[in-house]
Amino acid sequence: MRLSVGSTIALVYVAICAALLVWALVVSAGSDESMAGVIPLLATAPASLVLLVLPDGTAMLVVSIALGALVNAAIITWCARALRRGNRAD
């Protein structure tokens with residue numbers, strides 16, 4: 001987890017995704033017809049969309065969004081390190 005959330009930008013991204021997930025769960029708790037789960041799912045796409053084909057349920061939605069956020073955070077961290085490094089070799 002330290003490698004995937006290695007930059008401040010990635011940490012902020014994961015926090016926003018967590019807040020969106022909590023919001024969607026709270027809004028969806030009152031109604032089965034709520035489409036609030038789509039927002040955090042799109043915020044963590046494309047990795048969460050690949051995992052969405054897992055069996056239906058709230059637990060799988062949470063797993064899909066959490067893993068999607070971590071994959072995207074790892075990519076954000078990788079990009080941030082590459083931009084900071086510039087033309088220097090590791």
Discussion item. Just checking Ile9: does its CD1 atom have more than 12 heavy atoms from other residues, nucleotides or ligands closer to it than 6.0 angstrom?
Written reply: no
Discussion item. Using a 3.5 Å distance criterion without hydrogens, assess whether the side chain of Asn72 forms a donor-acceptor pair with backbone atoms of Ala47.
Written reply: no
Item to complete: Indicate, with yes or no, if Leu67 and Met60 share a hydrophobic cluster defined by side-chain heavy-atom contacts under 4.5 Å among Ile, Leu, Val, Met, Phe, Trp and Tyr.
Response: yes
Item to complete: Look up atom CD1 in Ile65 and atom CG in Leu42, then write down how far apart they are to the nearest 0.5 Å.
Response: 9.5 Å
Worksheet item: Closest heavy-atom contact between Ala24 and Ala36?
Response: CB-O, 3.5 Å
Fill in: For Ile76 against Tyr13, the heavy-atom pair lying closest together
CD1-CG, 3.8 Å
Item to complete: Write out all pairs satisfying side-chain hydrogen bond (donor to acceptor under 3.5 Å, both in side chains) with one or both partners inside residues 59-68, taking only residues at least two apart or from two chains.
Response: none
Worksheet item: Which value, rounded to the nearest 0.5 Å, describes the distance between Leu70 atom CG and Ser48 atom OG?
Response: 11.5 Å
Worksheet item: Applying the 4.5 Å side-chain criterion to the ILVMFWY set and letting contacts propagate, would Val26 and Leu21 be lumped into a single cluster?
Response: no
Worksheet item: How many angstroms lie between atom CG of Leu11 and atom CD1 of Ile16, to the nearest 0.5 angstrom?
Response: 10.0 Å
Item to complete: Report the distance from atom CG of Leu41 to atom SG of Cys17, rounding to the nearest 0.5 Å.
Response: 10.5 Å
Worksheet item: Out of curiosity, does Trp23 fall in the hydrophobic cluster containing Val12 (side-chain heavy atoms, cut-off under 4.5 Å, transitive links)?
Response: yes
Item to complete: Keeping the roles fixed (side chain from Ser28, backbone from Leu25), state whether a donor-acceptor pair exists under 3.5 Å.
Response: no
